[in-house]
2 protein chains.
Amino acid sequence: MDDTPLGTQDLICFALYSANNAMNRLYRPLLAQLGLTYPQYLVLVSLWDRDGKTVGQLGAELGLESNTLTPLLKRMAEAGLVTRTRADADERVVVIALTDKANGLKAEVADLAACVFEATGLTLKDARRLRDQVFALRDAIEHRDTRAD
Amino acid sequence: MDDTPLGTQDLICFALYSANNAMNRLYRPLLAQLGLTYPQYLVLVSLWDRDGKTVGQLGAELGLESNTLTPLLKRMAEAGLVTRTRADADERVVVIALTDKANGLKAEVADLAACVFEATGLTLKDARRLRDQVFALRDAIEHRDTRAD
DNA sequence: ACCAAATATATCGTACACGATATAAACGTG
DNA sequence: CACGTTTATATCGTGTACGATATATTTGGT
């Protein structure tokens, strides 16, 4: 019927894709000064909220699985940022805990996050609204059976 | 002043990150049936709008550079989806053109895009508004001198 | 016409993401 | 208390992204 000549600039998925890439390009050099990557930064933020999460709990929060998290956490452990310990109660579980070195980065990371927020040019209110809309979109596509088979 | 105990769920960058990951997880199995990855899909959409773009033009549109595009386009060429030709006028430039095989995917890709849009659960109006807000955020962080030195 | 600077791709190394699969520990039902 | 099932993490291969760097072509000033 309609030819729907959709260009890349019309797609909401491309908006997310290119905005996420741009955000990474903004974060990368700042985090590199601290020896961190973006997902490693997320792990720190998550553990500063509550330390001692398991790999599975981190994955549930960040939307990642062990195939991504295990090597990432091993790199963080090698860098002296976290410890990886098998739980006593259940030997399958690995508990991730922050080191003093990681806790020492807290202030610098807070500055960096403020700097990034300022770069968005958004008011706190607008940022919250946009954030929640993006989360809602994520949840919509995550919890949907595509029924494509 | 304030300790701002920001968790991952408070960050707009994490909203973008996790929504983009979720979008990829939605697209991936659908595109895999057509032998495509997500950025390869973007290349097709871009070239369906106007065929015969150079690597640099594709990069400007998609926000990527030759370090990402060159291997990606080589894989697409190996898969028989595009041709890569040095321009006569300027031998530095590589022109990317669609093959018949790529054009044959147009209808299936259109179905797929419609399916993804439906999964967002958004009205056309809301999707456009959100898309433009996300693009605006991207442009804000892209065109800002972080002045972090 | 020469040659330094600019431009367009390409190459390389690192670190994600992810589907598929493997391994090992804990659990449950008989 | 055996043993199949479930659960938690790990491993592997592929394909991005990206900074840094390399290569090749073109351009511009003299």
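Convention: sequence-line order gives letters A, B, ...; per-chain numbering from 1.
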Just the atom pairs and distances: protein N or O near nucleotides 19-22 of chain C's N or O, under 3.5 Å.
unit_1: C:dG19; atom_1: N7; unit_2: A:Asn67; atom_2: ND2; d: 2.8
unit_1: C:dG19; atom_1: O6; unit_2: A:Asn67; atom_2: ND2; d: 3.1

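- Listed by first and then second residue, the side chain to side chain donor-acceptor pair (under 3.5 Å) pairs that reach into residues 122-138 of chain B are A:Ser18-B:Arg138, B:Thr123-B:Asp126, B:Asp126-B:Arg129, sequence neighbours excluded.
- Spacing between atom CE of A:Met23 and atom C1' of C:dC16 amounts to 18 Å, rounded to whole angstrom units.
- As rounded to whole Å, 13 Å separates atom C1' of C:dC16 from atom CG of A:Leu62.
- In the helix from C:dA1-D:dT30 to C:dG30-D:dC1, the rotation axis of the first five pairs and that of the last five pairs differ in direction by 10°, rounded to 10 degrees.
- Nearest nucleotide to the side chain of B:Leu64, out of C:dC18, D:dC18, C:dT9: D:dC18.
- The CG atom of A:Asn24 sits 14 Å away from the C1' atom of C:dT14 (whole-angstrom rounding).
- Between B:Gln57 and C:dA8 there is no side-chain polar atom (N or O) within less than 4.0 angstrom of OP1 or OP2.
- For residues 70-87 of chain A, proximity to DNA chain C is found at A:Leu72, A:Arg75, defined as any non-hydrogen atom under 4.0 angstrom from a strand atom.
- As a whole-Å value, the separation of B:Leu36 CG from D:dG15 P is 12 Å.
- The phosphate of D:dC18 has neither OP1 nor OP2 within less than 4.0 Å of any side-chain N or O from A:Tyr38.
- In this structure B:Arg75 satisfies the side-chain hydrogen bond (donor to acceptor under 3.5 Å, both in side chains) test with no other residue, sequence neighbours excluded.
- Considering only side-chain atoms of A:Val93, the nucleotide from D:dT16, D:dT9, D:dT26 that sits closest is D:dT9.
- At least one side-chain nitrogen or oxygen of B:Tyr17 sits closer than 4.0 Å to the OP1 or OP2 atom of C:dA17.
- Note: CZ (A:Arg92) to P (C:dA25) measures 10 Å, nearest angstrom.
- Identified under the ring-ring contact (aromatic ring centres under 6.0 Å, His included) test for residues 40-94 of chain B, with sequence neighbours left out: B:Tyr27-B:Tyr41, B:Tyr38-B:Tyr41.
- For the residue pair B:Pro29 and B:Arg25, the shortest heavy atom distance occurs at CD-O, 3.1 Å.
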